[in-house]
There are 2 protein chains.
Amino acid sequence: MIKPRSRRGGGRPTIADVARKAGVGAITVSRALREPERVSEELRRQIQAAVDELGYVPDPNARALASARAEVFGVLVPSLTNNVFAEVVRGIYDSLSDSPFRIQLGNTHYSGLEEERLLQLFGSQRPAALIVAGIDQTPTSRKLLENAGCPVVQVMETGPDPVDMMVGFSHFDGGRTATEHLIEAGYRRIGFIGARMDPRSQRRLAGYRAAMEKAGLFDPRLVTTTPVLSSVPLGRELFRDALAKMPTLDGVFCNNDDIALGVLFECHRAAIDVPKTIGIVGFNDLDMMQVAFPSITSIRTYRYEIGRRAVAMALAAIAGDRPQERVVDLGFELKRRESTAR
Amino acid sequence: MIKPRSRRGGGRPTIADVARKAGVGAITVSRALREPERVSEELRRQIQAAVDELGYVPDPNARALASARAEVFGVLVPSLTNNVFAEVVRGIYDSLSDSPFRIQLGNTHYSGLEEERLLQLFGSQRPAALIVAGIDQTPTSRKLLENAGCPVVQVMETGPDPVDMMVGFSHFDGGRTATEHLIEAGYRRIGFIGARMDPRSQRRLAGYRAAMEKAGLFDPRLVTTTPVLSSVPLGRELFRDALAKMPTLDGVFCNNDDIALGVLFECHRAAIDVPKTIGIVGFNDLDMMQVAFPSITSIRTYRYEIGRRAVAMALAAIAGDRPQERVVDLGFELKRRESTAR
DNA sequence: CAACGTTATGGTAGCGCTACCATTTTTCTG
DNA sequence: CAGAAAAATGGTAGCGCTACCATAACGTTG
């Protein structure tokens, strides 16, 4: 005695229901949905009609189980609220919104351990691709990525040794360019102010240092950093610390735009003239930089584009034609503004 | 002739492998993992040992298929980059990071149609709960939510008619409070400046209008809005428009803090004294408001807490004890600062 | 100590879909 | 137009897990 309808399923239509209604086999329905070109025009129409009428939506779980491959992109970022990563994530979402792929987003909180845990978890879902922020994975994470059995894109940075593919730019060069600009503009006692010194920030600092040393201007007391999460108020505080430590400061390269904005506000408050007394350069070029008063020089980065490109590369790899160049450098651009126009 | 190992699976260990190694039945392993208290201490230990040794990770797809219920929270927000929603999402992620639940995040781009499409998609995964931003779903979306067969939490706002549960605050009251504060501070020609006039913004505007009308100060020419996405540069432009339209303006209630910041910068640029000539109030109280110069009065909202609370309520409902109060109002707080200290 | 819960474990039968292969139909050769 | 290749369709057998029920091993009770 067989019950006609499953006791467990919520009564939603299955592929078998569609097949019955369309008068074809279940496999043909499956094919019509996934590779329509392999099914005759006529059947395709019949099947589509049955799908529409029943309101059939394939169960992604069953699909993943049967095909040993989920239509999921795993995405790992260190922060959800940092505008920079939010932009990357937005690029990824926009690029994938018309595809069958879902997105599994993980927040590592800048922690290598968290990253390992999430990678382990994501791996269990056999994702179609993995996109991870940064290039400094722990050895464990790196192994996990190498054995993921799917395309992997490391984003935000470029480096010499991709797990698979990379899209980003050189933070070292960014930091150096920003600092050189300050030097060229005539600033000499140029400080570095940075919060949340993740590997990318470290490389910007290294770029700053390289430029300063080359010009014979480097002094370790010019560097002010903290592991605390970056924010505008923190930028203000760090600037005050920097100024207390080094009252002759005449410029700052800020690790990011939040910090730069905090510095600008403190200058207003303390009646420090920008750019005459202090020059300010930010990093990322959030849109508020160009309307700030004075407008703030910053290193423009292409976060949204990084997300889009990462998806494009992963999609190409899934489709079988891995891009020629596995490391894509999207570069950056120095936006000169009033804050350094001495 | 049976092949000992599946030809399809990637050779990852399955529950059967664990069961064999631990010398128990597969079901017992399944139980030991999901409801450990129903398995004897001894077996539990053996099973855990086998799990660790094999590096077994349960396949969430198989699990979802077999139990007709995925351990997934569906989360729908209108924007990924708007700091406000990013904070809510962060609260959700943080609350769920130690649970077995995954998160399926969808970006509706402020579009009802997109929301319907995503709800349809998410529904096909039989999520454990749904969290959606806003209370103005289309009839179709509302029906989808009602038939989702899982707890539903509408967040960001409160209203009279929850699909299931709600966590948020009253945007109308927020708008009214902000405006009343300006009036009390002595401002009279108070403008409203808003971008991306989604339903929440509309209600803030309604609150503004109510306060203005009550004081006999309302004038439609004081209202400047645009459907364009909000940003700091846009705030600047809208303020210029508003001022051109109404040169006697002496205060502005900004729909959000980005706009307020744009207004502040324009005031600096045009040498308009804040708060003497113009008073400014923002909405949301991003952390930069308190360090801006002058610091900006804003309506503090509890975005992160909304995310946490929504998850807590959903989790309670899943566990069987639906909270008594299905609509939770987390309120807001007016933060008085220099920008309105006339 | 028989009769009855109660608790711990296991077996069977799917969940809804697709990989793999078999079969049928159509289209192309020479 | 026979014969072969190609295209279109279908059947079977799982994917890895858990719901459901059955069974076994324990107490409890009168």
Side-chain angles (χ1 to χ4, degrees), chain A residues 1-20 22-47 51 54 56-71 100 123-126 128, chain B residues 1-20 22-47 51 54 56-71 100 123-126 128:
Chain A
M1 210 179 74
I2 292 145
K3 287 226 204 87
R5 232 352 146 68
S6 73
R7 58 196 200 287
R8 292 199 265 180
R12 299 187 324 128
T14 73
I15 204 170
D17 299 324
V18 176
R20 207 171 307 123
V24 300
I27 298 25
T28 307
V29 175
S30 175
R31 259 195 297 257
L33 263 32
R34 290 176 302 132
E35 345 171 55
E37 71 283 359
R38 308 210 338 109
V39 174
S40 69
E41 169 103 22
E42 196 194 321
L43 281 192
R44 218 184 306 156
R45 250 205 320 279
Q46 281 177 42
I47 290 169
V51 165
L54 293 171
Y56 169 73
V57 183
D59 181 333
N61 298 117
R63 193 170 256 189
L65 183 56
S67 61
R69 174 63 64 210
E71 290 181 322
S124 72
Q125 298 185 56
R126 306 153 180 275
Chain B
M1 208 178 76
I2 290 146
K3 289 226 202 87
R5 231 353 147 67
S6 75
R7 56 195 201 287
R8 293 198 264 178
R12 299 185 327 128
T14 73
I15 204 168
D17 298 323
V18 176
R20 207 172 305 122
V24 300
I27 298 13
T28 308
V29 174
S30 174
R31 258 197 296 259
L33 263 31
R34 289 176 304 132
E35 345 170 55
E37 71 282 0
R38 306 202 351 104
V39 173
S40 69
E41 169 103 24
E42 196 194 320
L43 282 192
R44 217 185 307 158
R45 251 204 320 280
Q46 281 177 41
I47 290 169
V51 165
L54 293 171
Y56 169 72
V57 182
D59 181 332
N61 297 118
R63 194 170 255 190
L65 183 58
S67 61
R69 174 62 67 210
E71 290 181 322
S124 71
Q125 297 185 59
R126 304 152 182 277

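Below, read A as the first sequence line, B as the second, and so on, with proteins coming before strands; counting in each chain starts at 1. For the numbers below, each heavy atom of this structure counts, side chains included, while hydrogens, waters and symmetry mates do not. Given the structure is predicted, the values throughout are model-derived calculations rather than measurements.
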Please report, rounded to the nearest Å, how far the [atom2] atom of [N] is from the [atom1] atom of [X].
X: A:Glu71; N: C:dG16; atom1: CD; atom2: C1'; answer: 15 Å
X: A:Arg63; N: D:dG16; atom1: CZ; atom2: P; answer: 19 Å
X: B:Gln125; N: C:dG16; atom1: CD; atom2: P; answer: 15 Å
X: A:Glu35; N: D:dG10; atom1: CD; atom2: P; answer: 15 Å
X: A:Glu42; N: C:dT26; atom1: CD; atom2: C1'; answer: 14 Å
X: B:Leu65; N: D:dA19; atom1: CG; atom2: C1'; answer: 12 Å
X: A:Arg126; N: D:dC17; atom1: CZ; atom2: P; answer: 9 Å
X: B:Asp59; N: D:dG16; atom1: CG; atom2: P; answer: 7 Å

Over all heavy atoms of both residues, which pair between A:Ala62 and B:Leu65 is shortest? Give the atoms and the distance, please. CB-CD1, 3.7 Å
Least distance between heavy atoms, B:Ala32 atom then B:Ile47 atom: CB-CD1, 3.7 Å
Checking contacts here: which listed nucleotide (C:dC17, D:dC17, C:dA19) is nearest the side-chain heavy atoms of A:Ala66? C:dC17
Within a reach of under 6.0 Å around CD of A:Glu42, are more than 12 heavy atoms found that belong to other residues, nucleotides or ligands? no
Do B:Arg12 side-chain atoms and B:Tyr56 backbone N/O form a donor-acceptor pair below 3.5 Å? no
I'd like to compare against my own output: the B/S/- annotation of nucleotides 6-11 of chain C with a strict under-4.0 Å heavy-atom distance to protein. --SBBB
Qualifying residues under side-chain hydrogen bond (donor to acceptor under 3.5 Å, both in side chains), relative to A:Glu37, sequence neighbours excluded: none
side-chain contact (heavy atoms from CB on, under 4.5 Å) involving A:Glu71 - partner list, sequence neighbours excluded: A:Arg63, A:Pro100, A:Phe101
4.5 Å side-chain heavy-atom contact, B:Pro58 and A:Ser124: no
Short side-chain N/O contact from A:Ser30 to OP1 or OP2 of C:dT18, under 4.0 Å: yes
I want to check one thing: is the phosphate of C:dC17, taken as OP1 and OP2, less than 4.0 Å away from some side-chain N or O of A:Arg12? no
